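To start, the structure under review is shown below, and the notes come after it.
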Amino acid sequence: MNDIKKVAFVTGASRGIGKAIVEKLASDGFKVGFSYVSSDEKAKAIVDEMTEKGLEVFSVKFDVKNFQEVEDAFDKIYEEHGRIDVLVNNAGITRDKLFSRMKEDDFDQVIDTNLKGIFNCSKQVARKMSKQKSGRIINISSLAGLVGNIGQVNYSASKAGVIGFTRSLAAELGAYGITVNAVAPGLIKTDMTDAIPDQIREGMIKAVPLKRIGQPEDIGNVVGFLAGETGSYITGQVISVDGVLSSI
Ligand code: NAP
């Protein structure tokens, strides 16, 4: 019997969707590492909370935008934990503004975090997963990557980029037993959507046929499905988890 515990790594999981993904994967039996960029206390609290529940979780601080920082961090993770079976590229930001007011920095920060960050992290695991002849890469895109959104030219472009990245990498890595998929959440209750003015958010919820905002666990469950044996014959797909916002 193979008793080596599988290792999953989730970027940007000090709160929100990432935190729910960590909890789901750890409950499903993975040893789970996660990253964050500034929330030291929140990251420590997650490790403490999950360790208390008997789950195996560790955290690493690095900026997904910075290739060298990412490379150094993953070298350490491999040194300490030996392998990564599942990478969930979840870290993301918004800098919402009408295009007329959007500055170059608003565009660069969002593209560098949401798209280049996925390149940076996937680069660190792809070769090793290929040698393992197995692996899962799960990228968190967005409904905004499938449809346009006022005030989100930068964000929408980054998340559409994630979908192209996912489909191409799935085609390249399939022969090595690696699946690459994207999850496209709709409106999910996190700090990111708490920042949307109440009136606008309420209007968005009214447009959801299921008439509720999604919870981070709704995304965690789908990532758990893709990461487990249940997802072994799914690759190159974009799974919408949005209460049917995407089709209206
Ligand atoms: P969130 O609550 O704002 O959390 C963002 C996470 O990303 C935090 O852990 C943050 O770390 C981390 N992060 C941000 N910049 C980073 C960087 N440069 N390097 C490393 N980590 C970084 O966001 P969320 O709502 O959970 O969103 C998670 C993902 O789902 C994002 O990719 C987002 O675009 C996507 N998404 C969200 C929604 C939604 O409705 N919430 C919908 C569609 C897609 P710190 O805490 O240290 O800052």
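Small disclaimer: the values here were computed from a predicted structure and weren't measured. In each ligand, atom 1 is the first atom listed, and ligand 1 is the first ligand listed.
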Below 4.0 Å from ligand 1: does a non-hydrogen atom of [X] turn up there or not?
X      : answer
Lys159 : yes
Asp63  : yes
Gly117 : no

Pull out every atom of ligand 1 sitting under 4.0 Å from any heavy atom of [X], numbered as shown with elements.
X      : value
Tyr155 : 33 (C), 34 (O), 35 (C), 36 (N), 43 (C), 44 (C)
Thr193 : 39 (C), 40 (O), 41 (N)
Asn90  : 28 (C), 29 (C), 30 (O), 31 (C), 32 (O)
Phe62  : 19 (N), 20 (C)
Ile93  : 14 (C), 15 (N)
Ala91  : 7 (O), 21 (N), 22 (C), 32 (O)

What is the closest protein heavy atom to [atom], and at what distance does it sit?
atom                    : result
atom 26 (O) of ligand 1 : Ile17 N, 2.8 Å
atom 40 (O) of ligand 1 : Ile188 N, 2.8 Å
atom 1 (P) of ligand 1  : Arg15 NH1, 3.6 Å
atom 5 (C) of ligand 1  : Gly92 O, 3.8 Å
atom 12 (C) of ligand 1 : Gly12 CA, 3.5 Å
atom 30 (O) of ligand 1 : Ile140 CG2, 3.3 Å
atom 23 (O) of ligand 1 : Met192 CE, 3.8 Å
atom 47 (O) of ligand 1 : Ser38 N, 2.6 Å

Does the N or O separation between [X] and ligand 1 drop below 3.5 Å for any pair?
X      : result
Val37  : yes
Thr190 : yes
Val64  : yes
Leu143 : no
Ser39  : yes
Leu187 : no
Gly186 : yes

[X] bridged to [Y] by N-O distance under 4.0 Å:
X      : Y      : result
Glu217 : Lys24  : no
Glu49  : Lys19  : yes
Lys53  : Glu23  : yes
Asp85  : Lys128 : no
Asp106 : Lys103 : no
Lys42  : Asp40  : no

Does one side chain, of [X] or [Y], offer a donor that lies under 3.5 Å from an acceptor on the other?
X      : Y      : value
Asn139 : Thr166 : yes
Asn89  : Ser122 : yes
Asp72  : Gln68  : yes
Asn181 : Gln237 : no

For this session: Examine Phe9 together with Phe74 and report whether their ring centres are nearer than 6.0 Å.
Result: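 Yes, they do, as the ring centres are separated by less than 6.0 Å.
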
Exercise. If you measure from atom 44 (C) of ligand 1 to every heavy atom of Ser14, Ser141, Ala73, which option wins on shortest distance?
Worked result: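 Considering heavy atoms of Ser14, Ser141, Ala73, the nearest to atom 44 (C) of ligand 1 sits in Ser141.
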
Problem set entry | For Val244 against Asp242, the heavy-atom pair lying closest together |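 Minimum heavy-atom contact is N-OD1, 2.9 Å.
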
Exercise. Which heavy-atom pair separates Pro216 from Ile188 by the least distance, and what is that distance?
Worked result: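 Looking at all heavy atoms of both residues, the closest pair is N-CG2, 3.5 Å.
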
Problem set entry | Per-residue contact class, Ala13 against ligand 1 - non-hydrogen pairs under 4.0 Å |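 Backbone only.
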
Exercise. Is the His81 ring parallel, tilted or perpendicular to the Phe58 ring (thresholds 30°, 60°)?
Worked result: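 Answer is parallel, since the angle falls under 30°.
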
For this session: Would you check if the side chain of Glu202 reaches a backbone N or O of Ile200 as a donor-acceptor pair within less than 3.5 Å?
Result: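 Pair absent, no side-chain N/O of Glu202 close to backbone of Ile200.
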
